[in-house]
Amino acid sequence: MKIFCVGRNYAEHAKELLNDVPTEPVIFMKPQTALLTDHKAFYYPNFSTDIHYECELVLRICKNGKAISEKFASSYYDAITLGIDFTARDLQQKQKEKGLPWEIAKAFDMSAVLGTWKTITNEEKKSSFQFQLYKNNQQVQHGDTKDLLFSFEKIIAYVSQYFTLNMGDIIYTGTPKGVGPVAIGDKLHANLFDEELLRFEVK
Ligand code: ZN
């Protein structure tokens with residue numbers, strides 16, 4: 001099972017981190033050991049003092065494929081949820097300055113939080129999705145997939161040029177603006193429209 005993530009997929013978020021708005025998707029991966037499911041607590045790691053939440057809509061791949069064309073890409077996912085792409089921003093900044101890979105800042109244990117899956121119909125795939133992240137009951141992020149720089153179909157087509165997609169792989173589709181730090185004791189929850197799909201605590 002593979003975990004793909006798209007970086008800088010909302011223009012306003014790319015700008016808040018002073019990155020250029022990309023002309024091609026920015027793809028990175030996390031290992032399976034990064035997964036944190038079932039609303040379990042996230043334990044703040046001792047190698048960072050600046051862990052940031054990034055709330056993202058996540059796709060679940062439902063069949064195998066490679067070099068998938070954009071036209072058929074929507075049939076390759078069957079469920080969505082909300083997740084957090086936890087990022088050690090201090091480590092990421094250091095790695096970026098040196099031009100080094102991001103893995104230690106992005107792919108560490110428990111850095112890929114996943115909410116409850118929701119199967120979606122072909123009809124629902126045609127609309128856009130709105131989601132919110134709350135920290136201690138205060139809304140900190142709001143996203144609408146109509147603002148994606150690269151649509152779900154474009155991401156699937158792009159990723160599958162390089163990596164065979166397998167049933168069960170998942171794709172984090174990027175975070176809107178409003179990323180920020182978490183602290184021990186914070187309670188996070190995320191809603192898709194008005195439905196809560198994710199709730200957990202930082203310990
Ligand atoms: Zn992200």
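We number each residue from 1, following the sequence as shown. Remember, it's 1-based here, ligands and their atoms both numbered in the order they're listed. Quick note: numbers below take in every heavy atom, side chains included, and nothing from hydrogens, waters or symmetry partners.
The closest approach of D85 to the Zn ion (ligand 1), by N/O/S atoms, is made by OD2. For the Zn ion (ligand 1), the nearest N, O or S atom contributed by E54 is named OE1. The atom of E56 that is an N, O or S and sits closest to the Zn ion (ligand 1) is OE2.
Rounding to the nearest 0.5 angstrom, the gap separating the CG atom in D144 from the OH atom in Y10 is 7.5 Å.
The pair E97-K94 does not count as a salt bridge, with every side-chain nitrogen at least 4.0 angstrom from each carboxylate oxygen. With respect to the salt-bridge test (charged N to carboxylate O, under 4.0 angstrom), the residues R89 and E54 qualify.
Cation-pi geometry between K125 and Y77 is met: the NZ or CZ atom falls under 6.0 Å from the ring centre, inside 45° of the normal.
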